[in-house]
Chemist: 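After the structure tokens below, expect a handful of questions from me.
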Amino acid sequence: MNSILTIANSEFQRLFRSPLAWSLLATVQFILAWLFLNNVEEYLLYIQPKLVGVDHAPGVTEVVVSSLYTSIGIIMLAIMPILTMRAFAEERMNGTLTLLLSAPISVSQIVLGKYCGLMAFIFLMIAMLSLMPFSLLLTTQLDIGMILSSILGLSLLLASFAAAGLFLSSLTKQPIIAAMSSFGLLLFLVILYLSGSSQSGNSSLFIYLSHFSHFLSFLQGIFDSSDFIYYLLFSLGFLILTIRKLDNDRLHGG
Amino acid sequence: MQDEVLIDAKGMQRYYNHYCALKAVDIRLKKGEVLGLLGPNGAGKSTTMQILTGNLAPSRGEIRIKGIDLLEQPQKAKQHIGYLPERPPLYRDMRVDEYLNYCAKLRAIPTREQKAALEKAKSHCGLTQVGRRLITNLSKGFQQRVGIAQAILHTPDIIILDEPTVGLDPIQIQEIRTLIQELGKNHSVILSTHILPEVQAVCDRVQIIHEGSTVFDDSLSQLEQGQSDSVLLCRFAQAIDTDKLNQLKHIEVVQVDNQARNCYQIQHQVGKNIVPAICQLAQQENWEIQALSPQRITLEQIFMNLIHGEKDMENLAVESV
């Protein structure tokens, strides 16, 4: 357990040593803040007047906040591969993986340590982005439960992105290839959702397999344990694959 | 307990797909020994070291580190090993202190002892002045030292260094060698290199690996005692008649070493002093001797002979088991 924390801690700190983490946080925050302001303005100027007098009208949480979290999910499709690509590919390229492999720790501890470090960064990012919707509390009432459910959904979604990215990073020596393939995989899962829900090729299987369909129910404030288990299995599956891959390198020579 | 065997590896074999990189190599390392692993590029030195440190699994064979099976209890066995791979595993965006601190935690050194261990390793490797500097800004020699510091941080019984002096300037090489000699006093060291004088400078025992098998395994001192004086190098001021030299007692073959400089190699029976006879003959014939020196058999020769399969070194070669 201690070694996992040691690796996680070092991973987290190392992210901030390069400008990468800072620029990612800044860029994502800027873009989403713009989107958020845009949404708030639109709500105030056009949507709210129309909703006056309508029974059970959607509130600000549903209109503004849910769409913000959807945007975060979509933008992270492109950001996550950049975060995960370094995990093993870069270590392998620089020969630093040897340090971890010759230390008295197991491969699962290495993988879990890396994963935890990455998740710490992701939680930080989610926390910073969630400050925006919570800032609305100053002037209006929000459906806190719904926001929390969105945050939970987003965390699970990003946890599954990270696990997939970690695995693809363990397959190669070139960070850029790891990034490209992770981006490809994540995008493919979105395409699966789009094609599953398109009018011509309506397929509930495709929708079920895709990431996003499970994310959407969290955004509506619904906690469905099957969605939760989907993300859990997805992340766990890729983590186990990563451990197997690194173990295999020892047997067959990376 | 001076003869305690720290590494006992038997029949290590390693295939990369169908290519056999190691064919049954044995390694035994006793306490307080500095073992030089020698071989041309691609001989299997690095593979051997990767297997010994648990970075690669052998296709066949058994490895015991202080009696602990490396394959069955890798974590316990790895605690006794410090390893510097060919490329030092450095996070270049870290400071030296931060990096060593991280290594100490990875090695599970108790928090209370970490600081002392760090200071000790740093002073041992001459890093006290550079603790606050970023690793990426250090010279290659210093980076190498950080790599060594990382390997000795947890005071392991066994230190495995893969080509520690590659790419360093002569002064740095000298410093690293001194450091390795120093380490050899308290630890057992395995050192791989393809630079022969390096082995002569620091190792107690040499194991030469060629094409995946051991072709030579003996102590250096024995090697030098047995073979040091069988060839004399002789330089004259003028060309001489080699037949006359050949007729002297105990002399076996006289060969021209360097025609232009009138150098001759005189092979003679081991243990016989032929210098007086040569001097006498030179005086008779009016040859002016400019230099006379015993040619010590160098590892270079053994190396070349073993690898090119020349007959006269057969007695030295130890068959691989």
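Every chain is numbered from 1 and lettered A, B, ... according to where its sequence line falls, protein lines coming before strand lines. Basis for what follows: all heavy atoms, side chains included, without hydrogens, waters or symmetry-related copies. Values in this document were obtained by computation on a predicted structure and should not be read as measured data.
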Chemist: Given the options A:Ile105, A:Thr98, A:Thr96, A:Thr6, which has more heavy-atom pairs under 4.5 Å with chain B than any of the others?
Modeler: A:Thr96

Chemist: Between B:Glu4 and B:Lys30, does any NZ, NE, NH1 or NH2 come within less than 4.0 Å of an OD or OE carboxylate oxygen?
Modeler: no

Chemist: Could you have a look at B:Tyr102, B:Tyr83, B:Tyr15 and say which one has the most heavy-atom pairs with chain A under 4.5 angstrom?
Modeler: B:Tyr102

Chemist: At a heavy-atom distance under 4.5 Å, which candidate from B:Glu98, B:His80, B:Arg92, B:Lys76 has the highest pair count against chain A?
Modeler: B:Glu98

Chemist: Would you mind checking which part of B:Pro74 comes under 4.5 Å of any heavy atom in chain A, side chain (CB onward), backbone (N, CA, C, O), both or neither?
Modeler: neither

Chemist: Give, as side chain, backbone, both or neither, the part of A:Ile7 having an atom under 4.5 angstrom from any heavy atom of chain B.
Modeler: both

Chemist: Applying the ring-ring contact (aromatic ring centres under 6.0 Å, His included) test to A:His211, which of A:Phe218, A:Tyr193, A:Phe234, A:Phe188 qualifies?
Modeler: A:Phe234

Chemist: What part of B:Leu90 is in contact with chain A, defined as an atom under 4.5 angstrom from a non-hydrogen atom: side chain, backbone, both or neither?
Modeler: backbone

Chemist: List the steps, then state whether ring-ring contact (aromatic ring centres under 6.0 Å, His included) holds for A:Phe121 with A:Phe16.
Modeler: CA-CA 10 Å; A:Phe121 181 77; A:Phe16 286 97; 5.6 Å; yes

Chemist: Determine, for A:Arg86 against A:Glu91, whether the closest basic-nitrogen to carboxylate-oxygen distance falls under 4.0 angstrom.
Modeler: no

Chemist: Counting only non-hydrogen atoms closer than 4.5 Å, does B:Glu86 touch chain A with its backbone (N, CA, C, O), its side chain (CB onward), both, or neither?
Modeler: neither

Chemist: Return the option, out of B:Lys105, B:Arg107, B:His154, B:Met94, with the maximum number of heavy-atom pairs under 4.5 Å with chain A.
Modeler: B:Arg107

Chemist: Heavy-atom distance under 4.5 Å to chain B: side chain of A:Ser106, backbone, both or neither?
Modeler: both

Chemist: Using a cut-off of under 4.5 Å for heavy-atom pairs, which of A:Gln13, A:Glu90, A:Met93 has the most such pairs with chain B?
Modeler: A:Met93

Chemist: Mark yes when over 12 heavy atoms from residues, nucleotides or ligands other than A:Leu148 sit less than 6.0 Å from its CG; otherwise mark no.
Modeler: yes

Chemist: Under a 4.0 Å threshold between the charged nitrogen and the carboxylate oxygen, would B:Lys66 count as salt-bridged to B:Asp157?
Modeler: yes

Chemist: Does atom CZ (A:Arg17) have a neighbourhood of more than 12 heavy atoms from anything else shown, all under 6.0 Å?
Modeler: yes

